[in-house]
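Just so it is clear: chains get the letters A, B, ... in the order the sequence lines come, proteins before strands, and each one is counted from 1. All values below were derived from every heavy atom in this structure, side-chain atoms included, with hydrogens, water molecules and symmetry-related copies excluded.
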Amino acid sequence: GQQVMQIPQYQHVQEGEDFTTYCNSSTTLSNIQWYKQRPGGHPVFLIQLVKSGEVKKQKRLTFQFGEAKKNSSLHITATQTTDVGTYFCAGRDTGGFKTIFGAGTRLFVKA
Amino acid sequence: DAGVIQSPRHEVTEMGQEVTLRCKPISGHDYLFWYRQTMMRGLELLIYFNNNVPIDDSGMPEDRFSAKMPNASFSTLKIQPSEPRDSAVYFCASSSLPGQGAAEQFFGPGTRLTVL
């Protein structure tokens with residue numbers, strides 16, 4: 001079945017450093033979504049990527065979707081303490097409606 | 001809109017008891033998802049509904065788990081009998097159109113279940 005792998009599992013950074021999490025699927029995806037979950041909270045949608053090679057930016061966050069639509073990344077420039085939380089990618093298989101979440105990358109930011 | 005509403009927010013029960021979790025999706029959303037989140041297994045999709053009909057329940061772990069959606073504004077996830085390994089945070093999410101466009105899922109606050 002479809003699998004979505006996400007690395008790293010954890011990342012500790014100093015405030016101001018950059019951060020990247022990577023997502024890889026075993027199958028071609030129709031789209032990929034990114035969510036953020038604050039400690040004790042629930043996942044909140046950040047963005048969706050649909051097109052091959054697509055790049056989208058939200059302030060200090062840059063999202064990329066691979067050319068083969070099997071991988072994606074989220075890059076945060078100059079992290080802040082408010083970036084703390086777990087970042088999940090979620091991929092939908094082509095032809096299906098089921099969305100599979102990656103295991104998430106938990107980001108710790110030290111002030 | 002109040003967002004996705006889940007109840008109870010916390011549930012502590014003893015092994016063998018029946019547990020019922022409730023969810024009210026966002027009005028107008030025709031897809032509803034139940035997830036379970038644990039440290040060991042992450043966020044797992046248990047089942048999802050489209051227009052109140054269960055579409056994929058392949059994630060439901062055992063026959064002890066059952067889910068219903070009697071109408072567009074209410075869904076339940078029932079565990080009977082409950083076991084300690086069922087302890088987790090259970091999220092309900094709803095979506096308007098997962099097949100097209102920015103079909104984001106809106107998550108409820110979750111129910112933290114502890115089975116002693």
Side-chain angles (χ1 to χ4, degrees), chain A residues 1-10 21 23-25 29-51 54 56-58 61 63 65 72 74 85-108, chain B residues 2-7 9-10 21 23-26 29-51 53-60 88-113:
Chain A
Q2 179 192 4
Q3 292 186 352
V4 176
M5 311 299 290
Q6 193 172 351
I7 57 170
Q9 189 176 4
Y10 302 96
T21 173
C23 188
N24 288 284
S25 170
L29 301 170
S30 61
N31 63 50
I32 194 154
Q33 298 176 341
W34 286 91
Y35 291 78
K36 177 183 179 181
Q37 183 177 22
R38 294 182 184 276
H42 57 275
V44 175
F45 176 82
L46 294 176
I47 207 163
Q48 175 171 288
L49 304 172
V50 178
K51 300 176 182 177
E54 188 170 14
K56 287 188 176 180
K57 292 190 175 183
Q58 288 181 349
L61 279 61
F63 304 84
F65 200 10
S72 181
L74 158 60
T86 301
Y87 293 85
F88 293 95
C89 62
R92 181 173 303 120
D93 207 350
T94 54
F97 293 120
K98 192 157 107 173
T99 299
I100 303 299
F101 279 76
T105 295
R106 187 162 184 183
L107 174 63
F108 299 86
Chain B
V4 176
I5 299 173
Q6 289 187 248
S7 65
R9 294 293 306 277
H10 302 273
L21 311 181
C23 175
K24 176 180 168 51
I26 292 173
H29 283 187
D30 45 15
Y31 285 82
L32 183 140
F33 307 82
W34 280 102
Y35 292 89
R36 177 173 69 176
Q37 186 175 43
T38 60
M39 287 296 293
M40 291 297 295
R41 302 177 68 88
L43 195 60
E44 303 173 275
L45 176 64
L46 301 178
I47 185 171
Y48 79 92
F49 296 81
N50 177 25
N51 292 326
V53 177
I55 302 301
D56 187 333
D57 65 354
S58 59
M60 295 287 263
V89 179
Y90 291 81
F91 288 105
C92 174
S94 70
S95 172
S96 59
L97 196 63
Q100 300 291 334
E104 63 185 281
Q105 294 184 29
F106 292 83
F107 282 76
T111 295
R112 182 173 295 277
L113 173 66

Residue part contacting chain A, namely of B/Glu44, when any heavy atom lies under 4.5 Å: neither
Over all atoms of both residues, closest heavy-atom pair of B/Cys23 and B/Leu32: SG-CD1, 3.9 Å
Between atom CD1 of A/Ile32 and atom OG1 of A/Thr99, what is the distance when rounded to the nearest 0.5 Å? 10.0 Å
Counting only N and O atoms by type, is there a donor-acceptor contact under 3.5 Å from the side chain of A/Lys56 to the main-chain atoms of A/Gln48? yes
Can you tell me if A/Gln58 has over 12 outside heavy atoms packed within less than 6.0 Å of its CD? yes
Does any backbone or side-chain atom of B/Leu45 lie under 4.5 Å from a heavy atom of chain A? Answer side chain, backbone, both or neither. side chain
Is B/Met39 in contact with chain A via its backbone, its side chain, both, or neither, using a 4.5 Å heavy-atom distance? side chain
Which answer fits B/Phe106, side chain, backbone, both or neither, if we ask what part of it has an atom under 4.5 Å from a heavy atom of chain A? neither
